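Everything below concerns the one structure shown next.
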Amino acid sequence: MKFSAITVDVTSLGINTPDGFFTAHYSKRGLARLDFPNAIGEKSRRESNGRPVSAEMQAWHKMTTRAVREVLAGGTHGELPPLDLSAGTEFQQSVWNALRKIARGRTKSYGEVAAVIGRPKALRAVGGACGANPIPLLVPCHRVLAANHKLGGFSGGLDWKRKLLGREGLEFFE
DNA sequence: TAACATTCCGCGC
DNA sequence: GCGCGGAATGTTA
């Protein structure tokens, strides 16, 4: 089931946090992507395209900003803007949906997540879906560990995963 | 077809 | 217990 990429104009807005400058991308449907500060050429960090941002989008960005800061501080995020997950396949969306149900400070293994969505043997694919997750932090892909309670991997860098888990109170990973 | 952010089993240490 | 090698596994580009 594929959906060839439609071109949707997205607006990029920055989020300044004690941990760096995140970038949020919004489509008409909601928050479509969230980028870590990290990284490689720190791509485009331009704020919107010069054009005024709609009131609705400003409201979304306000929620996103607050949510990101709260998560970084180790708390629970409050209200979130609508998430635009239309970029993912159905399988990926069901995985991301399952991830959102993991409470703060809790973890699941890739196998458990696979079982939750009714495909116990697709555990390997769950890993792939996590890697494709466009909205880390808000979709807590960092709470998924390997079965033996090992870290597994993380797109944004394993140090992030450790840091986030540590701030949620899992002292094991400090 | 060839990757994988997996997991399980059997080794040897 | 820990680490390594190898095999089976579902989804994706």
Side-chain angles (χ1 to χ4, degrees), chain A residues 1-10 12 15 17 19-25 27 29-44 64 67-68 70-74 76-77 80 83-174:
Chain A
M1 201 103 14
K2 299 199 156 187
F3 214 86
S4 53
I6 344 174
T7 355
V8 182
D9 49 335
V10 298
S12 305
I15 300 179
T17 77
D19 291 285
F21 189 83
F22 287 71
T23 308
H25 307 269
S27 72
R29 304 193 38 180
L31 175 63
R33 208 173 85 190
L34 182 65
D35 284 343
F36 275 100
N38 67 14
I40 3 209
E42 103 234 356
K43 17 183 108 174
S44 54
T64 305
V68 167
E70 282 172 354
V71 170
L72 288 177
T76 355
H77 60 67
L80 291 180
L83 305 183
D84 183 5
L85 269 28
S86 61
T89 64
E90 267 193 36
F91 175 81
Q92 289 170 335
Q93 293 186 33
S94 59
V95 171
W96 299 335
N97 198 49
L99 294 186
R100 297 222 276 145
K101 294 190 302 198
I102 308 180
R104 182 200 89 106
R106 302 292 305 276
T107 64
K108 262 182 162 37
S109 72
Y110 292 96
E112 285 173 314
V113 174
V116 165
I117 63 175
R119 285 184 175 64
K121 291 175 204 155
L123 48 87
R124 193 75 184 283
V126 168
C130 290
N133 173 18
I135 315 179
L137 266 73
L138 274 32
V139 176
C141 48
H142 58 278
R143 302 204 183 114
V144 185
L145 306 178
N148 23 348
H149 277 196
K150 285 183 178 172
L151 263 191
F154 197 63
S155 307
L158 276 177
D159 32 343
W160 271 108
K161 191 168 186 175
R162 255 193 303 270
K163 188 188 293 186
L164 292 171
L165 289 172
R167 289 187 189 177
E168 293 191 357
L170 304 198
E171 301 151 13
F172 185 71
F173 296 103
E174 303 258 17

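Sequence lines set the chain letters: A, B, ... in the order given, protein chains first and strands last, and positions in each chain run from 1. Side-chain atoms are counted along with the backbone in the values below, which use heavy atoms only and exclude waters and symmetry mates. Computed from a predicted model, the values in this text were never measured in an experiment.
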- prompt: Can you tell me the Watson-Crick or wobble partner of C/dG10, both distances under 3.5 angstrom?
  reply: B/dC4
How close or far is atom [atom2] of [N] from atom [atom1] of [X], stated in whole angstroms?
{"X": "A/Leu123", "N": "B/dC8", "atom1": "CG", "atom2": "P", "answer": "8 Å"}
{"X": "A/Trp96", "N": "B/dA5", "atom1": "CH2", "atom2": "C1'", "answer": "14 Å"}
{"X": "A/Asp159", "N": "B/dA5", "atom1": "CG", "atom2": "C1'", "answer": "14 Å"}
{"X": "A/His149", "N": "C/dC2", "atom1": "NE2", "atom2": "C1'", "answer": "17 Å"}
{"X": "A/Gln92", "N": "B/dC4", "atom1": "CD", "atom2": "C1'", "answer": "13 Å"}
{"X": "A/Lys108", "N": "B/dT7", "atom1": "NZ", "atom2": "P", "answer": "13 Å"}
{"X": "A/Lys150", "N": "C/dC4", "atom1": "NZ", "atom2": "P", "answer": "8 Å"}
{"X": "A/Leu151", "N": "B/dT6", "atom1": "CG", "atom2": "P", "answer": "12 Å"}

task: Describe, in one word, how the ring planes of A/Phe36 and A/Phe22 are oriented to each other, choosing from parallel (under 30°), tilted (30 to 60°) and perpendicular (over 60°).
output: tilted
- prompt: Can you tell me how far the OG1 atom of A/Thr64 sits from the CG atom of A/Leu137, to the nearest 0.5 Å?
  reply: 11.5 Å
- prompt: Quick one: CD on A/Glu70 to NE2 on A/His77, what's the gap to the nearest 0.5 Å?
  reply: 9.0 Å
From the list [options], which nucleotide is the closest neighbour of the side chain of [X]?
{"X": "A/Ser109", "options": "B/dT7, C/dG3, C/dG10", "answer": "B/dT7"}
{"X": "A/Ala146", "options": "B/dA5, B/dT7, C/dG10", "answer": "B/dT7"}
{"X": "A/Tyr110", "options": "C/dT12, B/dT7, C/dG10", "answer": "B/dT7"}
{"X": "A/Lys121", "options": "B/dA5, C/dG10, B/dT6", "answer": "C/dG10"}

statement: Exactly one of A/Arg106, A/Arg143, A/Arg104 clears side-chain hydrogen bond (donor to acceptor under 3.5 Å, both in side chains) with A/Glu168, and that residue is A/Arg143
[X] near the nucleic acid: base, sugar-phosphate alone, or nothing, with a heavy-atom cut-off under 4.0 Å?
{"X": "A/Gly128", "result": "nothing"}
{"X": "A/Ala122", "result": "sugar-phosphate"}
{"X": "A/Phe91", "result": "sugar-phosphate"}

field: Side-chain N or O of A/Arg119 closer than 4.0 Å to phosphate OP1/OP2 of C/dT11
entry: yes
task: Would you indicate, yes or no, if C/dT9 has its OP1 or OP2 atom less than 4.0 angstrom from a side-chain nitrogen or oxygen of A/Arg124?
output: no
- prompt: Side chains of A/Asp84 and A/Ser86: is there a donor and an acceptor less than 3.5 Å apart?
  reply: yes
